[in-house]
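Below is one structure, written out as structure tokens, with a few remarks after it.
Keep in mind that what you see is a predicted model, and the values were worked out from it rather than measured.
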Protein chains: 2
Amino acid sequence: MSRTTLKDIAEKAGVSVTAVSRALSGYPDIGEETRGRILRIAEELNYQPNIAARTLVTQKSGVMGLFVLGRAKGEGFSHPFSGQVINGFLDELAEDGYDMMVFKANRPPDSDNSSYMDLCRRRMVEGAFLMGLRTDDPWLSDLTASAIPIVTMDMPLAGDMTFSVGCDSVSAVHAAIRHLADLGHRKISIVNGYKEASVSLERFEGYKSALSDLGLPFDPAIVAEADFTAAGGKQAFLSMIDRAPDVTAVFASSDLMALGVLEGARERGLRVPEDLSVVGFDNIEMAAMSSPPLTTLDQPRYELGQTAARMLTAACNGETPPSRVLLKANLIARGSTAEPRKSKT
Amino acid sequence: MSRTTLKDIAEKAGVSVTAVSRALSGYPDIGEETRGRILRIAEELNYQPNIAARTLVTQKSGVMGLFVLGRAKGEGFSHPFSGQVINGFLDELAEDGYDMMVFKANRPPDSDNSSYMDLCRRRMVEGAFLMGLRTDDPWLSDLTASAIPIVTMDMPLAGDMTFSVGCDSVSAVHAAIRHLADLGHRKISIVNGYKEASVSLERFEGYKSALSDLGLPFDPAIVAEADFTAAGGKQAFLSMIDRAPDVTAVFASSDLMALGVLEGARERGLRVPEDLSVVGFDNIEMAAMSSPPLTTLDQPRYELGQTAARMLTAACNGETPPSRVLLKANLIARGSTAEPRKSKT
DNA sequence: TCAACTTACTTAAACGTTAAACCTAATAAG
DNA sequence: CTTATTAGGTTTAACGTTTAAGTAAGTTGA
């Protein structure tokens, strides 16, 4: 019932506690025979080190924090995107012997709950992942001054302990728009996410630069903004398409919004892809199952998580990873995009 | 830079470390004036207790573990279901001052990674949530003998430290089948999940008992089994409907599978709900956005998480929560169910 | 052959906290 | 006026590790 400690092993082996500690840690100054005896007894008693004690003396907890932000339902953990990223974190952290603690931070910081950093200090968290951070996050200034390494997903931050990973939205969107233009579309709308997400800015950037590169005019009237959700995407699309019925293609900044666009198109009697082509972003599981299946930009979610974890452990061990890493999002052409049927003026 | 400790405060306040500890913990044997001074200094130095040290002496870590099992992609964290449940865990745990550590356990136990319990013992985890457990899980026997309280989601376990929460599948499915029968359906198929999930057994039970209560015949030929995914649900549905084209309604054990059924129906030229009614289970976000929107059984995911957390903290504090709690899943009628058009023999 | 190493350990201290036991002066009880 | 009691602390020990600083015996080098 009671946990076995180094002391228990030491007594049984007839050596000092230190000898046991060093034997188990693989130091060379313990004799072969003694070490063998110690290891055997440790195994026999199913010894597990008490990490709290170790943490106290080494000042390293072996814990990384995951902060999942997001004020609204459907954000944060609930996002279909998060799962594989977290799997990437966990697998890669396990390689380096780290565990992960999850913190939810959806309450405004004025409430009496502790700030990020306070939480980290209590638990001696060595580094942290941040998901769902927004440009208007009130904690932002705390973060850039962070004493521990932080890796943000999809949102670069100034500060020499902060790093970020994400996909190269600009070039990804570029590829999507080019794909649509290659098919013959001239009037391509964007249903973007809210501006407080920095990916929204980047994707808008990619959209504009692609249009300009391709010699297509930029029309603010066919730029819509939603909240990354399906319902929001549908609404934004509907009011846009009613304003500009000559749009033949829509790029949506997330698959959820793209699925909303699909739904909206159905409601307006527009056939996809015959009357309207739709491209999403993320390649969530549902994207392949919609009707028609969604052309989208695949984000390597698991690899994003792995990469983030590698950067974080590196930073925690005194190395200096690049402050920003961008992976490539690949275009996956499915049934929701095709040549436009009707040629409009 | 260096963390402030009780000692720092004690020196500055001119009292002993114990006095500071007791003042901050709210013990009554510290004078009002002294306490005020201590609190002010603690605030001033932004004191945060070192939880590792506290853990060491109190033998309580204040950490609950979350084990997310699942061997396949799309299970575990990636499941659209998990997010809100986890939010429920976290919010409720925060009420009681607990934090949560996440462990991923998708590797077979024969690999050299530690067992659940070893992980818990190292970190002095006080209790654990288990999601995604299957009846053929090789760890099952360890779990029932667990020394710490465990709450499983959707899978009751024998053992006096194990508890479970879930929805009352039997009565929920009963309601779904009754809904279909009330509409006039006589030939109702089930697309169930794999048998290793105990909810699959319960849902099958509900299906059979509902049929019998409603005086409908049970036909093994229209029972299909899939893996809870959309793609799997579609396949299972297709081979079932090809065998039994006179089926007019399908109950699927998860929304993802139901969405797969919708897709399969589209592929076979069956109109939903005119030619085929479909009911899902879960009420995931996408269910309301499909075409047509899915009639489904709403699982109160956040409340499931909250309830689980309440049970776990109770059990950790020596109380004895009921060994199994079932919440109600409510039928949400949407566009995917209607009266059958054609009357078949 | 004696000092200098090396090997294989042991002792002691420290990490930051809590908890039990003890102390002292002032107050209350009889 | 003596004895308990209380208020407001202090001292000491303990939790289970790691690490720095010994130490005693055996081995080597010149």
Assign a letter to each nucleotide of nucleotides 16-25 of chain D from its 5' end: B, base within under 4.0 Å of a protein heavy atom; S, sugar-phosphate only; -, no contact.
-> BBBBB-----

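Between the CD atom of E32(B) and the C1' atom of dG9(D) there is a distance of 14 Å, rounded to whole Å. At whole-Å resolution of the value, CG in D29(A) and C1' in dT6(C) are 11 Å apart. For E33(A) and dC9(C), the CD to C1' distance is 13 Å, given to the nearest whole Å. I38(B) has its CD1 atom 12 Å from the C1' atom of dT10(D), to the nearest Å.
Contact annotation: the side chain of R122(B) never approaches that of N50(A) to less than 4.5 Å [non-hydrogen atoms, C-beta and beyond].
T55(A) comes within 4.0 angstrom of no nucleic acid atom, judged by non-hydrogen atoms across all strands.
Close to dT11(D), at under 4.0 Å from its OP1 or OP2, lies no side-chain N or O of S16(B). Of the side-chain N and O atoms in T34(B), one or more sit less than 4.0 angstrom from OP1 or OP2 of dG9(D).
When ring centroids are compared, F129(B) and F67(B) stay outside the 6.0 Å threshold.
Partner of L133(B) under the side chain to side chain contact (heavy atoms under 4.5 Å, CB included) criterion, out of L157(B), I150(B), V68(B): L157(B) alone.
Within a 6.0 Å radius of CG in D160(B), no more than 12 heavy atoms belonging to other residues, nucleotides or ligands are found.
Checking D8(A) against Y47(A) by side-chain atom types alone, no donor-acceptor pair falls below 3.5 Å.
Note on E95(B) versus R310(B): no salt bridge recorded, every NZ/NE/NH1/NH2 to OD/OE distance being 4.0 Å or above.
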